[in-house]
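Keep in mind that the numbers below use all heavy atoms, side chains included, and drop hydrogens, waters and symmetry copies.
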Amino acid sequence: MVDPFALADHPQPELPTAAPPAFTCLDGLNEAQREAVEATDGPVLVLAGAGTGKTRVLTARLAHILSTGRARPWQILAVTFTNKAAREMRERVASILNTSVEGWWVGTFHAIGARMLRQNAERLGLRREFTILDVDDQLRLMKQLLEAANIDAKRSPAKLFLALIGRWKDRGLTPAQVTAAEGAAAGDGVALKLYAAYQERLKLLNACDFGDLLLHNLTLFREDEECLAKYQRQFRYLLVDEYQDTNVAQYLWLRALAQQHHNICCVGDDDQSIYSWRGAEVGNILRFERDFPGAKVIRLELNYRSTPHILAAASGLIAHNKSRLGKTLWTPLAEGERVTVRGAWDGEDEARSVCEEIEDLRKAGHALNSMAILVRAGFQTREFEERLVTIGMPYRMVGGVRFYERQEIRDAIAYFRVVVQPDDDLAFERILNVPKRGLGTASLRSLHMLARRDGRSLVAAATALVATDELRPQARAAVSRLINDLARWHGQLDTLAHPEVARLVLEESGYVEMWQRDRSPDAAGRLENLKELVGALAEFDSMAGFLEHVSLVMDNDEAAADDKVTLMTVHAAKGLEFETVFLPGWEEGIFPNQRALEEGGGAALEEERRLAYVGLTRARKRAIVSYAARRLVYGSWQSANISRFVTEMPNENVTHYAPRGLVTGRPARHGGLGLGQDFGLAAGSRQGAPRWSRPPLLEGKAERVAARPRPQQDFTPGQRVFHQKFGYGEVKAVDGETLTIAFEKAGTKTVIYSFVKAA
DNA sequence: AATATATGCGTTTTT
DNA sequence: CGCATATATT
């Protein structure tokens, strides 16, 4: 089989020095941008305000370092958060220098982390072909752990523990590094125990989750100085995009790598830090000068995107935040329109007015592609979708279910994973009974038990199990057929083209047929998606290479070919720009949202404000903020107060329209109070007595799931034994791990070693 | 294994 | 209110 990792990391000494003259890289840059490009040595922080040409600087800097011969491509490490940004950087630099990008260390934190990890996997107790888990896998694994530990998954859902573990990983903490106090505090100490167990299981599965891709690197750096030193020497120049979004683990990782050459350049904007809830630390960017002594700070403040009114409104708004480094954005553009603020009676009214304005703009000759509706939260899109559909306005929803997150795609990928790597238990579990093969929880439990006892994979356990009479004949046949199929497909990877193998897998497994028989309206679409998936496979060298890609590249670049209005969250809009931006729902409780208001402390509110700032600064020419006086939420009407963010924009940059008689800013008579009461009542009435659910069954499960040492005794013919299903019997023959036993009641059966006890 | 019923939840999600 | 998930039922 082709090894996709074999060639990945060798330096390519042939790559370019023959580059165009250096001035190409500096052409057309303003003074600050040029400074940021030319300050190659030592730590540099580039504070790049919204729309100040950050990407240009980043690519120009990379090109500059290469074309002046300061470093070879593999001596530069350039990290981003999104694949899109990484791709863009690679393509632009490649085009400036007119060269190929093979072997470059330009990629997302996760992709680069995975690459380093593959190079050193054995040192961390992993094999190089470790798999990268997706969210479904993580959840399945955690649920198993909860069951084994006899924890009520209802009171403490798997998601919650995964979130806690994720946050620990964001902070660069292995289970051993979490302080005792903090460990004891999180879920009564259960979370930390689960974290340790989870990591154990991952190692056994030869798998990593996303957090591990960096966390393991940190462990590696700590435990293997030589390895760290090697990377430190290799990377003469480090480039970091969106530095305000880095978490502690990423910060530690970067700091470790920069220790040799100290040439680290971080680009970011503290005012656009909107991912703290994902572990991002604004503190990283605020502390840069202390973390990297002698750092040069360059501010990019010349904005080429928005008109003065929009820029001033956004600047005035963000000035209300306390913890920021501070920038003064200005623009050479002509004055333009003020920011519009529009009041509406209710949510429907608001959607109508926004859509009317879109209609008007279109009639005036504006492309729908130049307009976007940016909402705070997903549920707000519904009203707009309804309205847009009603009036027949074409629109594009960004951020729904992504291609690789669709059920059929994940199922298919799970098949591919098991075919490439039979030991991938989580993938195997996913496909075991998809399509239905009559293999339910009972069969799975048998497999699990055997695998766990003998410390081997499910496929290996299944192979052993089908040689016996342990399973019901029907189940036995089904498992037998599946593992035979898997083995055959695995073998075909050597003889057939991998897209062909993929096609065979999907056909012969019955998976395609399953959807063909499905009567639901989206079945046809799913079949289309499967075709597309097989098509996409052809673009990779091997199936394993493809799987590496899909686990790291979850983005889904929609072809923006047709003219449509874009509808998405403000978060999703970061980094984008539109001529006209609609910002609906600027009400207290929605934007800023309720949780941020309740959280107190002010940090959450400041992040909401940054989010509002991001929203406003997406607009080139027109920003239309709106709010509704009342809104239907969960079936009941709620009055709302106008968002503080509206009033925080300077008056002289805003034009406020509201229908005559619209009352806003009303004290909380029906408003906030009503909401609180509603929730309070609901919560109270739902606090019924806990139901004590079937203790015997739970105990029984836990008993059986718990790992037990493999029986170390040997069996000899003639010996009297006990089998949990077939009862007492006498051993007739021993063949490796299978025994033939004449049972007193059940007759002669072939059974597996580990299910038999000496009587 | 498929279907009915109960229950709980409701912010953002770059990989 | 409406959706997704978990559990009960046949």
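Rounded to an integer number of Å, the gap from CE of A:Met568 to P of B:dT14 is 12 Å. Atom pair A:Glu598:CD and B:dG10:C1' shows a separation of 13 Å (rounding to whole Å applied). Note: CD1 (A:Ile112) to P (B:dT14) measures 20 Å, nearest angstrom. A:Lys54 has its NZ atom 16 Å from the P atom of B:dT14, to the nearest Å. In this entry the distance linking CE of A:Met142 with C1' of C:dT5 reads 18 Å, nearest Å. Atoms CD (A:Gln250) and P (B:dT15) sit 12 Å apart, rounded to a whole Å. As a whole-Å value, the separation of A:Phe109 CZ from B:dT14 C1' is 11 Å. Atom pair A:Asp241:CG and B:dT14:C1' shows a separation of 11 Å (rounding to whole Å applied).
For A:Trp277 and B:dT12, the ring-to-base geometry satisfies the stacking test (centroid distance below 5.5 Å, interplanar angle below 30°). In this structure, the aromatic ring of A:Tyr634 is not positioned over the six-membered ring of the base of C:dC1 within 5.5 Å between centres and 30° between planes.
At the heavy-atom level, A:Gly378 lies under 4.0 Å from the strands shown only through sugar-phosphate atoms. A:Lys159 comes within contact range of no nucleotide atom at all, as no heavy-atom separation falls under 4.0 Å. Counting non-hydrogen atoms under 4.0 angstrom, A:Asn433 reaches the backbone sugars and phosphates but no base.
For the pair A:Val135 and A:Phe379, both in contact range of DNA chain B, the more 5′-proximal nearest nucleotide belongs to A:Phe379.
Contacts of A:Arg430 classified as salt bridge (charged side-chain N to carboxylate O under 4.0 Å, His left out), with partners at least two apart in sequence or in another chain: A:Asp136, A:Asp411. Qualifying ring pair (Phe, Tyr, Trp, His ring centres under 6.0 Å) partners for A:Phe109, counting only residues two or more places apart in sequence or in other chains: A:Phe81, A:Trp253. Evaluation of the salt bridge (charged side-chain N to carboxylate O under 4.0 Å, His left out) rule for A:Asp424 yields A:Arg417 as partners, not counting sequence neighbours. Under the rule for a salt bridge (charged side-chain N to carboxylate O under 4.0 Å, His left out), A:Arg278 has no partner lying at least two apart in sequence or in another chain. For A:Arg526, the salt bridge (charged side-chain N to carboxylate O under 4.0 Å, His left out) partners two or more places apart in sequence, or in a different chain, are A:Glu408, A:Asp522.
Using a cutoff of 4.0 Å between basic side-chain nitrogens and carboxylate oxygens, A:Glu386 and A:Arg382 are scored as salt-bridged.
Comparing atom distances between the A:Leu552 side chain and each of C:dA6, B:dT15, B:dG10 picks out B:dT15 as nearest. With B:dT15, B:dT11, B:dT13 as the candidates, the nucleotide lying closest to the side chain of A:Thr82 is B:dT15.
A gap of 23 Å separates the P atoms of C:dC3 and B:dT14, to the nearest Å. Nucleotides C:dA4 and B:dT11 have their P atoms positioned 15 Å apart, rounded to a whole Å.
Within the 4.0 Å cut-off from OP1 or OP2 of B:dT13, at least one side-chain nitrogen or oxygen of A:Thr569 is found. For B:dT15, one of the phosphate oxygens OP1 or OP2 lies less than 4.0 angstrom from a side-chain nitrogen or oxygen of A:Asn83. For the pair A:Arg376 and B:dT12, the criterion of a side-chain N or O lying under 4.0 Å from OP1 or OP2 is not met. An OP1 or OP2 oxygen of B:dT14 is reached within less than 4.0 angstrom by a side-chain nitrogen or oxygen of A:Arg402.
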Extract from the structure each pairing of a protein N or O with an N or O of nucleotides 2-4 of chain B at less than 3.5 Å, listing the distance.
from	atom 1	to	atom 2	distance (Å)
B:dA2	OP2	A:Lys436	NZ	3.4

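A:Arg278 contributes a side-chain N or O that forms a donor-acceptor pair with the base of B:dT15 under 3.5 Å.
Dense packing is recorded around CD of A:Glu385, with more than 12 heavy atoms of other residues, nucleotides or ligands lying under 6.0 Å away.
The six-membered or imidazole ring of A:His320 lies away from that of A:Phe645, with a centre-to-centre distance of 6.0 Å or more.
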